[in-house]
There are 2 protein chains.
Amino acid sequence: MDKQLRMTHQRELILDELRRGKTHPTADELYERIKKKLPRVSLATVYRNLEILSAAGLIKKLEISGRQKRFDWDPDDHDHVYCIQCQRVDNITLAAPVPQVESTHKQGYRITGRRVEFSGLCPKCVRQQEHHQAKGESSMSCPSCSASKLSDTQRQVLQALANTSEACGSKELAAATGLEAKQISCQITALKNKGYVDSPVRCKYAITDQGKQALE
Amino acid sequence: MDKQLRMTHQRELILDELRRGKTHPTADELYERIKKKLPRVSLATVYRNLEILSAAGLIKKLEISGRQKRFDWDPDDHDHVYCIQCQRVDNITLAAPVPQVESTHKQGYRITGRRVEFSGLCPKCVRQQEHHQAKGESSMSCPSCSASKLSDTQRQVLQALANTSEACGSKELAAATGLEAKQISCQITALKNKGYVDSPVRCKYAITDQGKQALE
DNA sequence: CTTGACATGCAAATAATTATCAAATACATT
DNA sequence: AATGTATTTGATAATTATTTGCATGTCAAG
């Protein structure tokens with residue numbers, strides 16, 4: 001009845017790589033590493049095997065907050081911290097065991113599992129944040145952190161602003177770009193959020209240094 | 001500097017519906033409910049507002065194990081249980097506060113958040129499981145639970161089996177379906193897993209009653 | 001040396017969420 | 001009340017992470 005596990009080359013590599021690294025990689029991080037040793041592996045194989053191996057209890061699947069699942073070489077129960085900035089995951093030890101659920105509050109649940117998960121900034125990201133504060137920048141306006149791409153329309157508007165030395169209103173921009181007046185304000189808003197445009201006077205807009213950089 | 005929140009009709013409805021229900025719905029569950037009162041809302045609007053409202057601290061986003069995010073009308077800190085079968089989420093109260101992380105194990109993390117999450121079977125699913133056991137069925141073989149769709153190729157093979165009264169081997173099936181002999185065994189395996197085919201004698205296959213039903 | 005169970009690679013499918021953008025709406029200011 | 005502008009919306013495309021279908025490949029047992 002039981003399915004037997006066959007120890008194929010790729011399965012062995014996956015298990016090996018996971019155990020050797022002693023980190024908590026995502027499926028695709030692991031895939032990148034495996035590919036170096038076995039270039040023809042498929043990402044699907046990595047996913048499939050991580051699933052199979054964790055069902056078999058050889059490894060553990062971590063469903064940490066946020067995005068991708070991560071995998072843990074250590075199938076024994078233990079808790080984790082993750083960095084809300086870089087998504088790194090580490091093990092953590094609590095000062096005392098986690099308390100039980102009050103039986104009066106179980107509400108009829110048959111409880112079988114428990115997960116404790118701390119979050120915060122990892123040492124590297126703490127240092128990075130301190131570096132930003134030292135430079136007097138808010139964490140949002142650091143171009144290397146929040147740089148996002150421009151849409152074609154945004155680029156058009158930004159270009160028009162770059163061409164005028166004076167701050168100008170949305171009507172002038174509409175004329176300059178050939179776009180309808182209505183869409184200008186939408187684009188301006190987006191550009192302001194990105195820090196590429198500011199408004200020195202109400203209803204007048206100008207390109208920022210950051211905005212000029214973004215155009216190149 | 002702060003963006004101000006505008007209280008639009010849809011935003012009000014979302015907040016209202018969430019607070020009134022006192023459950024922990026997913027974005028699309030909420031969307032279905034909202035649609036009854038405001039048929040033209042967009043799913044994107046629901047997602048956007050749930051995100052905005054939780055960023056503003058009016059509600060809370062729950063990133064429970066597994067699949068969809070769920071949303072909680074109560075922004076205060078509290079813990080949850082979820083059902084591993086039906087995904088339902090409820091509040092839960094611990095017998096004592098969660099212990100701190102041992103400072104020697106913080107590994108340089110600056111910890112800002114904590115999440116405790118129990119899992120198990122909710123009362124409804126506990127009852128359902130008991131009902132299955134009473135009928136002597138393994139939870140996997142209950143047709144109403146594991147019914148899965150047939151692919152075109154599988155249907156073809158199954159149809160061929162239905163047309164013969166005797167159990168037959170893969171070569172005969174290949175002839176009957178016009179498929180290559182090689183693919184037959186793959187399909188047979190899949191069909192056996194679904195309980196639509198069995199093998200009364202080694203290397204001979206027959207359709208099961210379940211398989212006949214599946215063809216209709 | 002066949003067979004069948006289990007595996008793999010590739011491509012395509014799926015699920016949940018997020019982004020884009022024109023058009024609509026809300027809100028403060030005339 | 002009218003206006004101008006920022007914010008929000010609806011519709012839809014795009015993205016991200018993961019899973020599935022299927023043909024083919026491999027291994028171990030008979």
Side-chain angles (χ1 to χ4, degrees), chain A residues 2-12 14 26-29 31 35 38-52 61 63 66-70 148-154 157 169-171 179-190 192-193 199 202-205, chain B residues 2-12 14 26-29 31 35 38-52 61 63 66-70 148-154 157 169-171 179-190 192-193 199 202-205:
Chain A
D2 266 13
K3 270 202 227 183
Q4 68 198 21
L5 284 198
R6 210 181 267 172
M7 196 42 74
T8 59
H9 188 38
Q10 24 276 83
R11 189 164 291 171
E12 199 173 0
I14 289 168
T26 59
D28 66 301
E29 278 166 12
Y31 169 63
K35 227 172 24 175
L38 192 67
R40 295 188 52 79
V41 276
S42 158
L43 177 58
T45 300
V46 175
Y47 269 105
R48 251 184 312 233
N49 278 308
L50 287 171
E51 199 55 51
I52 289 169
K61 181 165 48 163
E63 310 198 7
R67 332 209 60 68
Q68 283 145 287
K69 286 171 191 156
R70 291 178 171 269
S148 50
K149 276 155 244 161
L150 290 171
S151 72
D152 288 347
T153 326
Q154 282 165 9
V157 174
S170 47
K171 276 176 195 161
L179 294 166
E180 283 182 57
K182 279 201 171 182
Q183 20 180 329
I184 298 290
S185 73
C186 298
Q187 303 311 323
I188 290 283
T189 309
K192 282 208 293 188
N193 286 336
S199 175
R202 205 167 128 78
C203 310
K204 297 273 181 185
Y205 309 103
Chain B
D2 267 13
K3 269 201 229 183
Q4 67 199 23
L5 284 198
R6 253 182 224 175
M7 196 42 74
T8 60
H9 188 38
Q10 25 276 80
R11 191 164 288 170
E12 199 173 1
I14 289 168
T26 60
D28 66 301
E29 278 167 10
Y31 169 62
K35 230 178 14 182
L38 192 68
R40 295 186 53 79
V41 277
S42 158
L43 177 57
T45 300
V46 175
Y47 270 104
R48 241 181 330 228
N49 279 308
L50 288 170
E51 200 56 49
I52 289 170
K61 179 164 51 164
E63 309 199 8
R67 329 208 60 69
Q68 282 144 287
K69 285 169 191 155
R70 291 178 172 269
S148 51
K149 277 155 244 161
L150 290 171
S151 72
D152 288 347
T153 327
Q154 282 164 8
V157 174
S170 46
K171 277 175 196 162
L179 294 166
E180 282 181 60
K182 279 201 171 182
Q183 16 177 335
I184 298 290
S185 74
C186 298
Q187 303 311 325
I188 290 285
T189 309
K192 282 208 292 189
N193 286 336
S199 175
R202 204 167 129 78
C203 312
K204 298 275 181 181
Y205 308 103

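Proteins come first, then strands; the chains are lettered A, B, ... in the order of their sequence lines, and each starts at number 1. From a predicted model like this one, the values you see are computed outputs, not experimental measurements.
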> A:Ala44 or B:Arg11: which one's nearest nucleotide on DNA chain D is closer to the 5' end?
Replying inline: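 Going by which nucleotide is closer to the 5' end, it is B:Arg11.
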
Could you state the [atom1]-[atom2] distance from [X] to [N], rounded to the nearest angstrom?
{"X": "B:Ile52", "N": "D:dA6", "atom1": "CD1", "atom2": "P", "result": "17 Å"}
{"X": "B:Gln68", "N": "D:dA17", "atom1": "CD", "atom2": "P", "result": "17 Å"}
{"X": "B:Asn49", "N": "C:dA26", "atom1": "CG", "atom2": "P", "result": "13 Å"}
{"X": "B:Lys69", "N": "D:dA17", "atom1": "NZ", "atom2": "P", "result": "11 Å"}
{"X": "B:Glu29", "N": "C:dA16", "atom1": "CD", "atom2": "C1'", "result": "13 Å"}
{"X": "B:Leu5", "N": "D:dT7", "atom1": "CG", "atom2": "P", "result": "10 Å"}
{"X": "B:Glu12", "N": "D:dT9", "atom1": "CD", "atom2": "P", "result": "12 Å"}
{"X": "B:Leu50", "N": "C:dA16", "atom1": "CG", "atom2": "C1'", "result": "13 Å"}

> B:Lys61 versus B:Glu51: any side-chain heavy-atom pair under 4.5 Å?
Replying inline: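 Yes; the side chains approach each other to less than 4.5 Å.
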
> Between C:dT17, D:dA17, D:dA11, which nucleotide has the shortest distance from any of its atoms to the side chain of B:Arg40?
Replying inline: D:dA11

>> Of the listed nucleotides (C:dA7, D:dA17, C:dG9), which one gets closest to any side-chain atom of A:Tyr47?
In response: D:dA17

So does [X] get a side-chain nitrogen or oxygen closer than 4.0 Å to the phosphate oxygens (OP1/OP2) of [N]?
{"X": "A:Gln10", "N": "C:dG9", "answer": "yes"}
{"X": "A:Ser42", "N": "C:dC10", "answer": "no"}
{"X": "A:Thr8", "N": "D:dT26", "answer": "no"}

>> Distance check, rounded to the nearest 0.5 Å: A:His9 atom NE2 versus A:Ile14 atom CD1?
In response: 10.5 Å

>> Closest-nucleotide mapping onto DNA chain C: is B:His9 or B:Asp28 further toward the 5' terminus? I mean the 5' end.
In response: B:Asp28

>> On DNA chain C, compare the nucleotides closest to A:Pro39 and B:Arg70; which residue's is nearer the 5' end?
In response: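 It is A:Pro39, whose closest nucleotide lies nearer the 5' terminus.
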
>> Less than 3.5 Å apart, any donor N or O on the side chain of A:Asp28 or A:Gln68 sitting next to an acceptor on the other?
In response: yes

> With distance as the sole criterion, is a donor-acceptor pair present between the side chains of A:Thr8 and A:Arg11 under 3.5 Å?
Replying inline: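 No pair is found: no donor N or O on one side chain lies under 3.5 Å from an acceptor on the other.
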
>> Closer than 3.5 angstrom, by distance alone: can the side chain of B:Glu29 be matched with the main-chain N or O of B:Thr26 as a donor-acceptor pair?
In response: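 Confirmed, B:Glu29 side chain pairs with B:Thr26 backbone.
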
>> Any base atoms under 4.0 Å from A:Arg48, or only sugar-phosphate, or nothing? Heavy atoms, all strands.
In response: base

> For the side chain of B:Arg6 and the base of C:dT25, is some donor closer than 3.5 Å to an acceptor across the two?
Replying inline: yes

